[in-house]
Amino acid sequence: MKKILLLFALILSLGVSANAQVYYKCTGQNVRVRTAPSLKSSIVQYSGAYGSEGPVMLNKGEIVYSLGVQRNGFAKVAYTGTYNLWEWGWVSLQYLVRAQRCSNCGGKGYFNQRCPECDGAGVHACCDFTGKKRCNRCYGIGYK
């Protein structure tokens, strides 16, 4: 019984490590985020405040994250910003480079200090509703 449990735990840990989060930085301007890993697929549409919507485009320097899924020269990525305007989409790998962990906050995005703008209440976007002081170098993302 112990061997079966050990084998199950090993298989489970291998599955988790295969889906490690990867952060990418966009190197192009107005890079389309697509619904499938193909240049022929449609562009992901965002839903913003007050009913606004439109095509999702990445700009130079924007950070997205991925679970490591790649297909046809595209990476499946998700938005890292405060407001979840879109969830998942596909971006050509020619416009992505691996982002570097922020050396200022160690990749956490925040510090264990109260947000100076909302005094730690976490009720505003100043700290992404965490109540913690946001890193001023990576703007709370943890990667640059």
Side-chain angles (χ1 to χ4, degrees), residues 1-37 41 43-144:
M1 181 67 172
K2 287 183 182 179
K3 288 182 181 180
I4 293 172
L5 287 175
L6 182 62
L7 181 62
F8 181 74
L10 179 64
I11 291 170
L12 207 72
S13 67
L14 288 174
V16 170
S17 64
N19 287 328
Q21 261 186 1
V22 178
Y23 285 81
Y24 292 107
K25 181 190 289 191
C26 182
T27 60
Q29 195 67 22
N30 296 323
V31 175
R32 295 173 179 93
V33 178
R34 301 200 176 265
T35 57
S41 68
I43 300 172
V44 172
Q45 299 292 308
Y46 72 85
S47 298
Y50 310 110
S52 64
E53 57 183 49
V56 175
M57 309 272 228
L58 296 179
N59 292 313
K60 191 171 188 172
E62 280 191 80
I63 305 291
V64 292
Y65 75 92
S66 172
L67 296 177
V69 178
Q70 295 181 3
R71 200 172 300 139
N72 299 334
F74 286 79
K76 188 173 185 181
V77 299
Y79 185 65
T80 58
T82 303
Y83 302 105
N84 194 9
L85 301 175
W86 58 279
E87 291 187 25
W88 292 96
W90 295 86
V91 176
S92 174
L93 285 166
Q94 81 181 76
Y95 298 109
L96 298 174
V97 294
R98 285 193 90 150
Q100 299 299 313
R101 185 183 307 262
C102 178
S103 59
N104 195 40
C105 66
K108 295 179 182 176
Y110 299 88
F111 301 103
N112 285 330
Q113 302 167 10
R114 276 195 296 205
C115 172
E117 295 179 46
C118 68
D119 198 32
V123 294
H124 300 293
C126 54
C127 58
D128 296 333
F129 306 98
T130 64
K132 296 181 179 181
K133 182 179 179 182
R134 182 174 16 195
C135 177
N136 61 348
R137 290 193 190 155
C138 68
Y139 304 103
I141 296 172
Y143 287 79
K144 300 177 1 165

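Quick note: residue numbers are just sequence positions, from 1.
A search for salt bridge (Lys or Arg N to Asp or Glu O under 4.0 Å) contacts involving R114 returns D119, not counting sequence neighbours. Listed by chain and number, the residues in a side chain to side chain donor-acceptor pair (under 3.5 Å) with T35 are S42 (sequence neighbours excluded). Here Y143 pairs with nothing under the side chain to side chain donor-acceptor pair (under 3.5 Å) rule; sequence neighbours left out. Shown here are the side chain to side chain donor-acceptor pair (under 3.5 Å) partners of Q113, two or more places apart in sequence or in another chain: there are none. Applying the side chain to side chain contact (heavy atoms under 4.5 Å, CB included) test to V123 and every residue at least two apart in sequence or in another chain returns A121. For A36, the side chain to side chain contact (heavy atoms under 4.5 Å, CB included) partners are S41, not counting sequence neighbours. The ring pair (Phe, Tyr, Trp, His ring centres under 6.0 Å) test applied to Y24 returns no partner, not counting sequence neighbours. Remark: P116 engages K133 in a side chain to side chain contact (heavy atoms under 4.5 Å, CB included) (not counting sequence neighbours). Every residue two or more places apart in sequence or in another chain that forms a side chain to side chain contact (heavy atoms under 4.5 Å, CB included) with C115 is listed here: E117, C118, C126, C127.
Although no hydrogens or angles enter the test, the distance criterion places a donor-acceptor pair under 3.5 Å between the side chain of T27 and the main chain of Y95.
Summarising the geometry of Y65 relative to W88, their closest heavy-atom pair is CE1-CH2, 3.9 Å, with the distance given to 0.1 Å. The two atoms that bring L96 and C26 nearest to each other are CD2-CA, 4.2 Å, heavy atoms only. R134 approaches A125 most closely through the heavy-atom pair NH2-O, 3.3 Å. Shortest non-hydrogen contact noted between V44 and G89 is CG2-CA, 4.0 Å. The two residues P37 and N72 make their nearest non-hydrogen contact at O-ND2, 3.3 Å.
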Compile the donor-acceptor pairs under 3.5 Å between side chains in residues 98-109 and protein atoms, sequence neighbours left out, one pair per line.
| from | atom 1 | to | atom 2 | distance (Å) |
| --- | --- | --- | --- | --- |
| N104 | ND2 | N136 | OD1 | 3.4 |

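Within 6.0 Å of OH in Y23 there are more than 12 heavy atoms belonging to other residues, nucleotides or ligands. Residue-environment remark: CZ (R32) stays at or below the threshold of 12 foreign heavy atoms within 6.0 Å. Counted within 6.0 Å of CG on N59, heavy atoms from surrounding residues, nucleotides or ligands total more than 12; the atom is thus considered enclosed.
Within the structure, the salt bridge (charged side-chain N to carboxylate O under 4.0 Å, His left out) test picks out no pair touching residues 56-77 (sequence neighbours left out).
In this structure, L58 and V64 have side chains that are in contact, with non-hydrogen atoms separated by less than 4.5 Å. Contact of the V69 side chain with the W90 side chain is registered, since non-hydrogen atoms from C-beta on lie closer than 4.5 Å. Contact annotation: the side chain of V56 never approaches that of Q45 to less than 4.5 Å [non-hydrogen atoms, C-beta and beyond]. Side chains of I63 and Y139 form no contact here, defined as non-hydrogen atoms less than 4.5 Å apart. Two residues are said to be in side-chain contact when any heavy atoms from C-beta on lie closer than 4.5 Å; V91 and R34 fail this criterion.
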Requested in this report: Dump the intermediate steps for side-chain contact (heavy atoms from CB on, under 4.5 Å) on Y110 and D128, then the final yes or no.
Outcome: CA-CA 10 Å; Y110 299 88; D128 296 333; 2.3 Å; yes
